[in-house]
There are 2 protein chains.
Amino acid sequence: MHGNRLESHPPGAGLEPLPCTGARLRRLGRRTTVFYEQYLRPLGLRLTQYSVLVHLGSAPQALLELAERLEMDRTTLTRSLRPMIDRGWVVVSRGSDARLRLLSLSPDGLALRERARGQWARAQLALEAVLGREFTAQLNQALEEALARVKPALPEEN
Amino acid sequence: MHGNRLESHPPGAGLEPLPCTGARLRRLGRRTTVFYEQYLRPLGLRLTQYSVLVHLGSAPQALLELAERLEMDRTTLTRSLRPMIDRGWVVVSRGSDARLRLLSLSPDGLALRERARGQWARAQLALEAVLGREFTAQLNQALEEALARVKPALPEEN
DNA sequence: TCGATTTCCGTGCATATGCACCTTATAGCA
DNA sequence: TGCTATAAGGTGCATATGCACGGAAATCGA
């Protein structure tokens, strides 16, 4: 194994934990969210709404399916959609299965999505300018790797 | 510079942005939050409440000062504190400056903080087991570096 | 075919988040 | 010593988040 030198471990306790990874993730997440939202604000979009927009299209899609792709709680998505429906960006329809709420973008929604993508690209490039292009690529890589190892919480055992 | 081969760049546009760093940060942040909260649930603590707890102590501290250390919105902290005050974990007092709300932990709060720290350590070690100890250390390092480069949003220009 | 089970969703409740606006208290200055 | 600027904080509003509960539609087995 690696080292495990005898140092400040309480007797009987195992390894010392590293500094809190979750706190660092959350803190950096907050800062970058603010960063991206500066660019989305002119469009009247929150970051959550943007992520919903880019996961929608002309083809109707069930709410639960969308929630899983977004890795977002089903009920959170329900409520996040409400203002987007009210503003005419998202259209709800019904198919043969009367249980499913099928979601798609209206023409307005599609147009907004394109403008939002442009703003996102500006934000991402600006972030890369701050972090350094190479470092950003490495960070993305590390985050991908971590995402592959930390699986999303599944409802019920699967 | 590095490469910059002529490829799918739209004419006139600059570099292509990398895949969305913010989305990866937010997604990994959500998953790890769920991860930590599994360990805090037995204590009836949300992760936000835990982070407030560990930034408090016996010594009274002004709300705004605490908010800045937590890098949390002042008003968010006000509301996050309410249930913790109601449950007797946090005590509010007044000093010579009548504008300041001074916060400290009650004996119950101090005891809870210690139990919560133990649960946090178990969560962190479990996360390290999932990610790999070495990789976690590298990830922490990368996050620290990113935090050093992406400064927190300041209220007004400072 | 009909009753039990499963699937898809919505709502109530509690907390989280941040902005705009307001009140109160202190500090600074003429 | 007042008057004004500034600092600390609360509340309203809108959105975000997830759990528990409940309802309605589809599925499946006897």
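In what follows, every heavy atom counts, from backbone to side chain, and hydrogens, waters and symmetry copies are set aside. Note on naming: letters A, B, ... go to the chains in the order of the sequence lines (proteins, then strands), and numbering restarts at 1 for each one.
The residue B:T76 sits close to a base: some heavy atom pair falls under 4.0 Å. Within 4.0 Å of A:T48, counting heavy atoms only, lie sugar-phosphate atoms of the nucleic acid but no base atom. Within 4.0 Å (heavy atoms only), B:T33 reaches no atom of the nucleic acid at all. Within the 4.0 angstrom heavy-atom criterion, no nucleotide atom of any strand lies near B:S51.
For B:R46, no side-chain nitrogen or oxygen approaches OP1 or OP2 of D:dC19 to under 4.0 Å. At least one side-chain nitrogen or oxygen of B:S80 sits closer than 4.0 Å to the OP1 or OP2 atom of C:dA16.
Along DNA chain C, the nucleotide nearest A:R82 and the nucleotide nearest A:R30 are compared for position; the residue whose nucleotide lies closer to the 5' end is A:R82. Summary of the strand contacts: A:D97 and A:M72 both lie near DNA chain D, and taking for each the nucleotide with the nearest heavy atom, the more 5' one is attributed to A:M72. Heavy-atom nearest nucleotides on DNA chain C were determined for A:L63 and for B:P83, and the one closer to the 5' end corresponds to A:L63. If B:L102 and A:A98 are placed on DNA chain D by their nearest nucleotide, the residue sitting closer to the 5' end is B:L102.
Remark: A:R94 CZ is packed, more than 12 non-hydrogen atoms of other residues, nucleotides or ligands lying under 6.0 Å away.
Here the straight-line distance linking atom CZ of B:R149 with atom CG of B:L147 works out to 11.5 Å at 0.5 Å rounding. One finds the CZ atom of B:R26 at 12.0 Å from the CZ atom of A:R26 (value rounded to the nearest 0.5 Å).
We find that CD1 of A:I85 is positioned 18 Å from P of D:dA14, with the value rounded to whole Å. Remark: C1' of D:dA7 and CG of B:L100 are 9 Å apart, rounded to the nearest angstrom. The CZ-C1' distance, from B:R31 to D:dT17, rounds to 17 Å in whole Å. Between A:R41 atom CZ and C:dA20 atom P there is a gap of 7 Å when expressed in whole angstrom units. Going from atom CG of B:L81 over to atom P of C:dA16 covers 10 Å, rounded to whole Å. Regarding B:R94, its CZ atom lies at a distance of 10 Å from the P atom of C:dT26, rounded to whole Å. Here the C1' atom of nucleotide D:dA8 and the CG atom of B:L103 are 12 Å apart, to the nearest Å. Note: CZ (A:R87) to C1' (D:dA14) measures 9 Å, nearest angstrom.
Under 4.0 Å is where a charged nitrogen must lie from a carboxylate oxygen, and between A:R31 and B:E71 at least one such pair does.
Here C:dC19 is the nucleotide among C:dC19, D:dT15, C:dC9 with the atom lying nearest to any side-chain atom of B:D73.
At distances below 3.5 Å, not a single donor-acceptor pair connects side-chain atoms of A:N140 with backbone N or O atoms of B:L18.
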**Fill in**
Annotated structure of DNA chain D as dot-bracket, pair cut-off 3.5 Å, Watson-Crick or G-U only, | for inter-strand, is ||||||||||||||||||||||||||||||
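You'll find a donor-acceptor pair under 3.5 Å spanning the side chain of A:R99 and the base of C:dT7, going by distance alone. Applying the 3.5 Å distance criterion, the base of C:dG18 shares a donor-acceptor pair with the side chain of B:R79. Checked by distance alone, A:T75 brings no side-chain donor or acceptor within 3.5 Å of a matching partner on the base of C:dC9. In terms of polar N and O atoms assigned as donor or acceptor, the side chain of B:R74 comes within less than 3.5 Å of the base of D:dG9 in a complementary pairing.
Between B:W89 and B:P83 there is no side-chain heavy-atom pair separated by less than 4.5 Å. B:E37 places none of its side-chain heavy atoms less than 4.5 Å from the side chain of B:L45.
Closest approach of B:L56 to B:Q61, counting heavy atoms only: CD2-NE2, 3.8 Å.
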